[in-house]
A.B. asks: 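Structure in structure tokens, see below.
Since the model is a prediction, treat every value here as computed from it, not as a measurement.
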Amino acid sequence: MTVHFPFENTYAALPASFFARVAPTPVVSPRLIKLNRPLAIQLGLDPDRLSSPEGAEILAGKRIPDGADPIAMAYAGHQFGHFVPQLGDGRAILLGEVIDADGSRRDIQLKGSGPTPFSRRGDGRAALGPVLREYIVSEAMAALGIPTTRSLAAVMTGESVLREAPLPGAVLTRIASSHIRVGTFQYFAARGDTEGVRRLADHVIGRHYPQAANADRPYHALLEGVIARQADLIARWLLVGFIHGVMNTDNTSISGETIDYGPCAFMDQYDPAKVFSSIDEQGRYAYANQPRIALWNLTRLAECLLPLFCDEQDKAIEEAQSLLGNFAESFNASYQAGLRTKLGLFTTRDGDVALAQDLLEAMAKSRADFTLTFRRLSDAALDQARDRSVRQLFADPAVYDEWSVRWRQRIGEEPQGPVVRQTAMKSVNPAFIPRNHRVEAVIEAAVNRDDFAPFEELLTVLSRPYEDQPAYAGYADPPEPHQRVLQTFCGT
Ligand code: AMP
Ligand code: MG
């Protein structure tokens, strides 16, 4: 019995300049750590066969399934503002695409599966810690309802990878609606290959923005679509306290999914200037900078598309600028609507944004925990006595007391009752996020003690982030001062 993947590989059918054909490098002894069974089923794959020894060999890159056409995708990118004309999949290999149960095309990619022509000085491998981090955080994002790549499986390779020290090696199977990035467009644009840009744009329209094909100006509609999805995505990040950490253009997905979980983290105490990544010394990718950076990245995309807009460059630039001008409005609409629902508001009034901003400012000054503040506020909507549990999150509880008077007055102007409001608030204010200290503890247990029970338990809790789970209440707690994780490190 073989594992059957119903592959359909459209990217590998694009011109040869788009990728390098390369097979994964076999590893010594694949061991399946985790298979995402519901996701496997959604992709039309048989989870039992995938967890067989043959399945583990496939997921580790030791065996190539029938119908796969393994490639490393070419892309470029601005990394921390500096342009690198050739990056590409240096440690990832796209096995192929499948059509999922909803009829959507999904990439199946192995990450950490060995060197490719794009590896530069890297070894093409991934260590277990970053693989587990990506697995946990991407699945948590999916459960939170935020567009993201998914994790189908994690396998250990039985080999060591050399970082500062030898670490156990692993491969993540990543699922994405595609792995096309802003950097993919930049790759062709930087070579002056307008036909390449056009081929890519046509592929992307067919795959991600089919309505653009019928627009008067399809390439303009494509840019408009990417801008709208990125604006909404970044708003959603902010609304859950997520910091991506490496918002380079090669880590900005054209489909609008969160991609490339490296030194990402959710913040505990609210701080707009928060940075976790050890390599982000200037705070370029700080929490509150993320909308600005997304717009910067989209501007790089727009530059690539200019030759498709019109022959007159000045006119093309003007048109691109006008579309980029929609970003702020699009972002603000998503972000402000999100804030209103977080506060339990069903209607829109003047002063709502200020009300939300004042709470955030008070939280920042008082170092209040972002997730807990909103979660507990949901209960305070039901019962004013629960204000106690919110105010104690503030270093200066009096600022919450003052604010809550205004908030109660505002929600009192709406017809919805407390139970309806509490339920609505709890469906947008999660109890459980992948707190950094928990993620680190999971990685420590797995890497140092070969103990994957904490990993499994954390995944279980994070799969239902909006439900109170009394048995796992401790997972909602912020870190104690000695548990605080101050820095996260890149996935490499
Ligand atoms: P990232 O920071 O993970 O987005 O990666 C940036 C670039 O470095 C991409 O082109 C990756 O493929 C490449 N890269 C990262 N780690 C490795 C590695 N261990 N071996 C080869 N290439 C890598
Ligand atoms: Mg990347």
Side-chain angles (χ1 to χ4, degrees), residues 9-25 61 69-95 107 109-126 130 149 161 172 174 176 178-204 207 226 244-255 257 259-263 277 279-280 284-285 293-294 296-308 490-492:
N9 306 324
T10 59
Y11 204 83
L14 288 167
S17 55
F18 279 60
F19 53 80
R21 263 202 176 83
V22 54
T25 307
D69 191 352
I71 57 170
M73 291 166 69
Y75 54 86
H78 274 91
Q79 300 190 304
F80 290 89
H82 302 286
F83 186 62
V84 185
Q86 182 169 307
L87 289 164
D89 288 333
R91 56 164 168 171
I93 288 174
L94 177 65
L95 289 180
D107 275 4
Q109 189 202 58
L110 303 180
K111 185 170 172 184
S113 52
T116 77
F118 302 110
S119 294
R120 293 172 293 158
R121 284 186 304 267
D123 59 3
R125 291 294 179 194
T149 62
V161 295
L172 180 85
R174 179 160 70 178
S178 87
H179 285 85
I180 302 167
R181 308 135 192 272
V182 168
T184 318
F185 280 90
Q186 291 181 291
Y187 181 84
F188 298 102
R191 284 159 181 75
D193 180 0
T194 303
E195 269 324 292
V197 175
R198 192 187 307 276
R199 280 301 287 270
L200 182 62
D202 290 342
H203 177 85
V204 166
R207 191 160 172 180
V226 181
H244 182 284
V246 227
M247 284 177 73
N248 294 332
T249 56
D250 53 304
N251 294 337
T252 301
S253 155
I254 290 293
S255 74
E257 290 176 338
I259 191 169
D260 267 3
Y261 294 86
S277 169
I279 54 172
D280 190 3
R284 179 180 170 91
Y285 301 141
I293 290 294
W296 193 89
N297 291 345
L298 290 163
T299 308
R300 305 288 81 76
L301 173 64
E303 286 165 356
C304 300
L305 296 174
L306 291 178
L308 308 190
C490 228
T492 38

A.B. asks: On the six-membered ring of Phe19, is Arg21 placed so that its NZ or CZ lies under 6.0 angstrom from the centre and within 45° of the ring axis?
C.D. replies: no
A.B. asks: So which heavy atom on Gly124 is nearest to which on Ser119, and how close?
C.D. replies: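 Looks like CA-OG, 4.5 Å.
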A.B. asks: Is the closest side-chain heavy-atom distance between Leu301 and Ile254 below 4.5 Å?
C.D. replies: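 They are in side-chain contact.
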A.B. asks: Side chains of Trp296 and His78: closer than 4.5 Å at any heavy-atom pair?
C.D. replies: yes
A.B. asks: Would you say Arg181 and Asn251 make side-chain contact, with heavy atoms under 4.5 Å?
C.D. replies: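 In short, these two side chains touch, coming nearer than 4.5 Å.
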A.B. asks: Quick one: CG on Leu110 to CZ on Arg91, what's the gap to the nearest 0.5 Å?
C.D. replies: 13.0 Å
A.B. asks: Which heavy atom in Arg125 sits nearest to a heavy atom in Thr25, and how many Å separate them?
C.D. replies: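 Looking at all heavy atoms of both residues, the shortest contact is NH2-O, 3.1 Å.
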A.B. asks: Please step through side chain to side chain contact (heavy atoms under 4.5 Å, CB included) for the pair Ile180 and His203, ending with a clear verdict.
C.D. replies: CA-CA 10 Å; Ile180 302 167; His203 177 85; 3.5 Å; yes
A.B. asks: I'd like to check Phe118 versus Leu87 (side-chain heavy atoms, cut-off strictly below 4.5 Å). Are they in contact?
C.D. replies: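 Side chain of Phe118 against side chain of Leu87, heavy atoms only: no contact under 4.5 Å found.
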A.B. asks: What I'd like to find out is whether the side chain of Tyr75 reaches to under 4.5 Å of the side chain of Thr249, using heavy atoms alone.
C.D. replies: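 The answer is no, as the side chains (C-beta and beyond) never meet within the 4.5 Å cut-off.
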A.B. asks: Grab the two heavy atoms, one from Leu308 and one from Val197, that are nearest each other, plus how far apart they are.
C.D. replies: CD1-CG1, 3.9 Å
A.B. asks: To check you understand the geometry: which heavy-atom pair defines the closest contact between Lys111 and Arg174, and what is its length?
C.D. replies: NZ-NH1, 3.6 Å
A.B. asks: Over all heavy atoms of both residues, which pair between Gly61 and Pro24 is shortest? Give the atoms and the distance, please.
C.D. replies: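 Shortest heavy-atom contact: O-CB, 3.4 Å.
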A.B. asks: Please find the pair of heavy atoms, one from Ala74 and one from Ser17, that lie closest to each other, and give the distance.
C.D. replies: CB-O, 4.1 Å
A.B. asks: First locate atom CE of Met73, then atom OG of Ser178, and finally report the distance between them rounded to the nearest 0.5 Å.
C.D. replies: 6.0 Å
A.B. asks: Determine whether Val246 and Gln79 make a side-chain contact, defined as any pair of heavy atoms from C-beta on separated by less than 4.5 Å.
C.D. replies: no
A.B. asks: Let me know which of Leu95, Asp89, Leu172, Thr149 forms a side-chain contact (heavy atoms from CB on, under 4.5 Å) with Gln109.
C.D. replies: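 Exactly one pass, corresponding to Asp89.
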A.B. asks: When you measure from the side chain of His244 to the backbone of Ile259, do you find a donor-acceptor pair of N or O atoms at a distance under 3.5 Å?
C.D. replies: yes
A.B. asks: When rounded to the nearest 0.5 angstrom, what is the spacing between CZ in Phe18 and CG in Leu200?
C.D. replies: 5.0 Å
A.B. asks: Working to the nearest 0.5 Å, report the span between CG of Asn9 and CD1 of Ile71.
C.D. replies: 7.5 Å
A.B. asks: What distance do Thr10 atom OG1 and Asp107 atom CG have between them, rounded to the nearest 0.5 Å?
C.D. replies: 8.0 Å
A.B. asks: Would you check if His179 and Tyr11 make a side-chain contact, meaning some heavy-atom pair closer than 4.5 Å?
C.D. replies: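 When only atoms from C-beta onward are counted, Tyr11 and His179 do not touch, as no gap falls below 4.5 Å.
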A.B. asks: Measure the shortest side-chain to side-chain distance between Val22 and Pro117 over non-hydrogen atoms and say whether it is less than 4.5 angstrom.
C.D. replies: yes
A.B. asks: We want to know whether Asp193 and Tyr187 form a side-chain donor-acceptor pair, criterion being a heavy-atom distance below 3.5 angstrom.
C.D. replies: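 No pair is found: no donor N or O on one side chain lies under 3.5 Å from an acceptor on the other.
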A.B. asks: So that I can tick it off, tell me whether Asp250 and Arg300 are bridged by a salt bridge, with the cut-off set at under 4.0 angstrom between side-chain N and carboxylate O.
C.D. replies: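 The answer is no: the pair does not qualify as a salt bridge.
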A.B. asks: Using the rule given for side chain to side chain contact (heavy atoms under 4.5 Å, CB included), can you reason through Arg199 versus Phe188, listing the C-alpha separation, both sets of side-chain angles and the distance that settles it, and then say yes or no?
C.D. replies: CA-CA 10 Å; Arg199 280 301 287 270; Phe188 298 102; over 6 Å; no
